[in-house]
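These notes concern the structure reproduced below.
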Amino acid sequence: MIDRDMTEIPAPASAGQSGRKPVVRFAPSPTGYLHIGGARTALFNWLFAKHSGGTFLLRIEDTDRERNSEAAVAAILDGLKWLGLDWDGEPVSQYARAERHRAVADEMLARGRAYRCYSPPSEIEAAREAAKSEGRAQIFESPWRDRAQGEAPAGVKPAIRLKSPRTGETVVTDHVQGTVTFPNKDLDDLIIVRSDGNPTYNLAVVVDDHDMGVTHIIRGVDHLTNAARQTQIYQAMDWAVPEFAHVPLIHGPDGAKLSKRHGALGVEAYRAMGYLPAALRNYLVRLGWAHGNDEVISTEQLVAWFGLDGIGKSPSRFDYAKLTDLNGHYIRTTSDTELVRRIEDILPEIEHGAAMADKLAAGGRDKLIAAMPGLKERAKTLLELIDGAQYLFASRPLQLDDKAKALLDAGARATIAGLVPRLEAVGTWTAAELEAAVRGYAEAGNLKLGKVAQPLRAALTGRAVSPPVFDVMADIGRVEAMARLRDQAA
RNA sequence: GCCCCGUUCGUCUAGAGGCCUAGGACGCUCGCCUCUCACGUGAGCAACAGGGGUUCGAAUCCCCUACGGGGCGCCA
């Protein structure tokens with residue numbers, strides 16, 4: 001009878017509707033790095049908070065002591081910082097609040113909304129197996145639910161279970177999933193405190209979210225069923241149920257679930273691949289959220305536009321091609337000095353980064369900045385940017401790649417040889433003067449500009465692709481340019 | 001097995017009964033621009049999972065099927 005009534009009591013006025021500023025949180029478990037799905041969840045929470053002038057809190061779900069590591073926590077915080085998702089206050093350790101969680105469990109016991117269960121795990125396992133083989137729902141019905149505590153066997157440490165309603169239904173009103181109804185008969189009495197006295201996840205989450213004043217819970221759909229169980233805990237404590245938004249998951253490129261060995265890289269991996277945080281933010285938010293046909297959306301615009309109603313219900317796949325395209329856009333629109341800073345930031349974590357760092361420190365930094373306008377136009381990642389800049393720092397004699405070698409045949413070398421005197425005669429070593437000189441040479445020899453420019457490019461950069469050759473010459477300077485040309489002349 | 005959720009171009013999506021001969025973006029193909037590549041730009045290929053309803057009218061509402069995903073822990 002009590003159970004029935006409980007389901008009919010309208011949910012307490014939702015905290016999110018009380019007019020207070022929203023409070024959201026991102027609550028990762030420290031089992032590894034900040035993976036891409038978690039990053040998007042954090043992004044959604046952050047955007048929601050920024051949009052509404054609310055608060056974005058961080059809580060580390062470290063109640064499982066066997067799966068906890070300080071390194072993992074550090075990696076997650078690092079990832080969030082790099083992504084630009086700043087949180088309010090200090091991160092909360094869930095484990096540190098275990099006393100409070102136990103106190104709440106005790107109160108539920110006192111209220112008759114929880115009970116001690118003495119069934120050993122083996123018994124529970126057997127019951128589940130039986131249910132499975134008989135094709136029934138695998139829920140465990142503890143014999144201790146209605147048994148007098150006096151019957152407790154001596155020497156057995158009990159777990160504490162929620163006395164959840166047996167009839168009726170639990171309704172989760174979700175901003176993304178809509179109204180989802182769970183028959184209570186399908187939800188068993190979940191354990192809220194383990195027999196060793198440690199609170200379990202579902203209890204801890206509810207207590208913490210309540211104590212932290214969380215008004216909106218935005219997380220992955222894999223928590224949808226938990227939302228129902230957690231709702232029952234809120235109701236057992238007569239606490240206001242927060243608003244929910246369960247966002248669909250991100251799958252790998254092949255549609256399979258994103259797992260750690262299957263594309264679910266930590267955000268630091270994307271950093272090392274040369275992606276910009278702004279680009280990753282833009283890409284990630286579009287995975288599941290849309291604002292009409294807008295694609296390239298600045299973070300400011302995102303904050304202004306973001307809302308839970310823009311989130312779709314179906315899962316999406318991670319697509320590097322689109323991320324990379326977006327990244328190229330952000331690279332082109334980022335300032336030259338900022339790009340050089342970004343490059344310096346990732347040098348320590350990439351191959352040959354140390355050598356590059358030495359070159360930059362030895363005066364190469366200014367050269368890099370000067371060449372950046374031509375470089376960033378043709379790079380989609382910082383790695384490509386670094387690769388494209390190699391001609392600035394290469395030492396003579398230049399290593400020629402295959403295409404450059406093919407370009408520098410006998411005729412081409414003769415062309416360069418013929419050009420050398422003209423270039424020596426150039427007054428001021430600027431791209432404009434150089435272009436005039438080369439064009440004059442081409443016209444005099446009745447050659448198409450490309451016939452001269454390509455050999456030049458090959459001799460100057462060792463490659464068939466580079467920024468405009470005249471800029472290249474200006475970038476590396478008169479002495480170095482002439483030396484490289486003489487190396488390949490005739 | 002049981003409970004939930006989903007399904008629009010290859011991918012991300014717009015679309016909330018007529019505005020849809022279904023739009024945008026990435027990718028791809030073919031051009032233009034051009035000293036290369038890239039940028040930019042023009043054109044093209046390409047989708048409402050299938051079947052039943054409801055309605056004057058359905059990508060949009062309902063039902064069934066198929067497929068996909070999530071959950072079913074003294075994990076989080």
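Because the structure is predicted, anything quoted here is derived from the model rather than measured. Throughout, protein chains are lettered first and strands after them, A, B, ... in sequence-line order, and every chain is numbered starting at 1.
Pairing for B:rG73 is absent, with no Watson-Crick or G-U wobble pair whose two atom distances lie under 3.5 Å. Both distances falling under 3.5 Å, in either a Watson-Crick or a G-U wobble arrangement, occur for no nucleotide opposite B:rC20. Under the Watson-Crick or G-U wobble criterion, with both distances below 3.5 Å, B:rG57 has no partner in any strand shown. Both distances falling under 3.5 Å, in either a Watson-Crick or a G-U wobble arrangement, place B:rC67 opposite B:rG6. Across the strands present, B:rG40 finds its partner in B:rC32; the criterion is a Watson-Crick or G-U wobble pair with both atom distances under 3.5 angstrom.
In this structure a side-chain-to-backbone donor-acceptor pair under 3.5 Å is missing from A:R161 to A:Y115. Checked by atom type and distance alone, the side chain of A:Y441 pairs as donor or acceptor with a backbone atom of A:T415 at under 3.5 Å. The backbone N or O of A:V296 sits nowhere less than 3.5 Å from a side-chain atom of A:Y330 that would complete a donor-acceptor pair.
Rounded to whole Å, atom C1' of B:rA76 lies 17 Å from atom CD1 of A:I192. The nearest whole Å value for the distance from the CG atom in A:D186 to the P atom in B:rC5 is 12 Å. When the C1' atom of B:rU34 is taken as reference, atom CD of A:E435 falls 12 Å away, rounded to whole Å. A:I416 places its CD1 atom 13 Å from the C1' atom of B:rC35, with the value rounded to the nearest Å. Rounding to whole angstrom units, NE2 of residue A:H251 and P of B:rC12 are separated by 10 Å. Look at CG on A:L224: it is 16 Å from C1' on B:rA76, rounded to the nearest Å. One atom, CD of A:Q230, and another, P of B:rC72, lie 12 Å apart when rounded to the nearest Å. Between A:D174 atom CG and B:rG71 atom C1' the separation is 15 Å, expressed in whole Å.
Residues A:D188 and A:P28 each lie close to RNA chain B; by heavy-atom proximity, the contact nearer the 5' end of the strand is made by A:D188. For A:V180 and A:F470, each mapped to the nucleotide of RNA chain B holding its nearest heavy atom, the one lying further toward the 5' end belongs to A:V180.
Contact annotation for A:D294: no contact, since no heavy-atom pair falls under 4.0 Å across all strands. Among the protein residues, A:G328 comes within range of no part of the nucleic acid, since none of its heavy atoms lies under 4.0 Å from any strand. Within 4.0 Å of A:R463, counting heavy atoms only, lies no atom of the nucleic acid at all. Among the atoms of the strands shown, only primed sugar atoms or phosphate atoms (P, OP1, OP2) are found under 4.0 Å from some heavy atom of A:S316. Looking at heavy-atom distances under 4.0 Å, A:H246 makes no contact with the nucleic acid at all. A:R317 comes within 4.0 angstrom of the backbone, heavy atoms only, and of no base. Residue A:S119 is in base contact, counting any heavy-atom pair closer than 4.0 Å across all strands shown. Residue A:Q177 is in sugar-phosphate contact alone, with no base atom involved, counting any heavy-atom pair closer than 4.0 Å across all strands shown. No engagement by A:Y283 is indicated, since no non-hydrogen atom pair under 4.0 Å with the nucleic acid exists.
For the pair A:H223 and B:rA76, the ring geometry qualifies as stacking, because the centroid separation is below 5.5 Å while the planes lie within an angle under 30°.
If you check distances only, the side chain of A:N293 does reach the base of B:rG23 with a donor-acceptor pair under 3.5 Å. With hydrogens and angles ignored, no donor-acceptor pair closer than 3.5 Å exists between the side chain of A:K313 and the base of B:rC5.
Separating the P atom of B:rA47 from that of B:rG23 is a span of 11 Å, rounded to the nearest Å. Look at the C1' atom in both B:rG70 and B:rG51: the space between them is 27 Å, to the nearest Å. Distance check on atom P: B:rC9 versus B:rG50 gives 10 Å, rounded to whole Å. The separation of B:rG40 from B:rA58, taken at their C1' atoms, amounts to 40 Å, rounded to a whole angstrom. Comparing the P positions of B:rU60 and B:rG15 gives a spacing of 15 Å, expressed to the nearest Å. Spacing of C1' atoms, B:rU7 relative to B:rU65, comes out at 13 Å, to the nearest Å. Comparing B:rC5 with B:rA22, their C1' atoms are spaced 25 Å from each other, to the whole Å. Nucleotides B:rC48 and B:rC12 place their P atoms 16 Å apart, quoted to the nearest Å.
Of the candidate nucleotides B:rC4, B:rC35, B:rG70, B:rC4 has the atom nearest to the side chain of A:F182. With B:rG6, B:rG70, B:rC74 as the candidates, the nucleotide lying closest to the side chain of A:R161 is B:rC74. Residue A:T225 has its side chain nearest to B:rG71 when only B:rG71, B:rA14, B:rA76 are considered. When distances are taken from the side chain of A:I191 to each of B:rC74, B:rC72, B:rU11, the shortest belongs to B:rC74. The side chain of A:K322 approaches B:rC26 more closely than any other nucleotide in the set B:rC26, B:rC74, B:rC72. Distances from the side chain of A:Q94 to the nucleotides B:rA76, B:rG24, B:rU7 place B:rA76 closest.
A sub-4.0 Å separation between OP1 or OP2 of B:rC35 and a side-chain N or O of A:R439 is present. For B:rG73, one of the phosphate oxygens OP1 or OP2 lies less than 4.0 angstrom from a side-chain nitrogen or oxygen of A:R128.
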*asked:* One character per nucleotide, please: for nucleotides 36-50 of chain B, 5' to 3', B when the base has a protein heavy atom closer than 4.0 Å, S when only the sugar-phosphate does, - otherwise.
replied: BBBSS----------
*Would you check, one step at a time, whether the test side-chain hydrogen bond (donor to acceptor under 3.5 Å, both in side chains) holds for A:T324 with A:Y275?*
CA-CA 8 Å; A:T324 303; A:Y275 291 106; 2.9 Å; yes
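For A:D196, the CG atom sits in a packed shell: over 12 heavy atoms of surrounding residues, nucleotides or ligands are nearer than 6.0 Å.
For A:Y283 and A:Y320, the ring centers are positioned 6.0 Å apart or more.
In the model, A:N327 has no side-chain atom that pairs as donor or acceptor with a side-chain atom of A:T381 under 3.5 Å. Looking at A:R457 and A:Q454, their side chains do bring a donor and an acceptor atom within 3.5 Å of each other.
The two residues A:P199 and A:L203 have their closest heavy-atom pair at CB-CD1, 4.1 Å.
The only option from A:R219, A:Q177, A:H175 that meets the side-chain contact (heavy atoms from CB on, under 4.5 Å) definition with A:F244 turns out to be A:R219.
In this structure, A:L302 CG and A:R286 CZ are separated by 10.0 Å, a value rounded to the nearest 0.5 Å.
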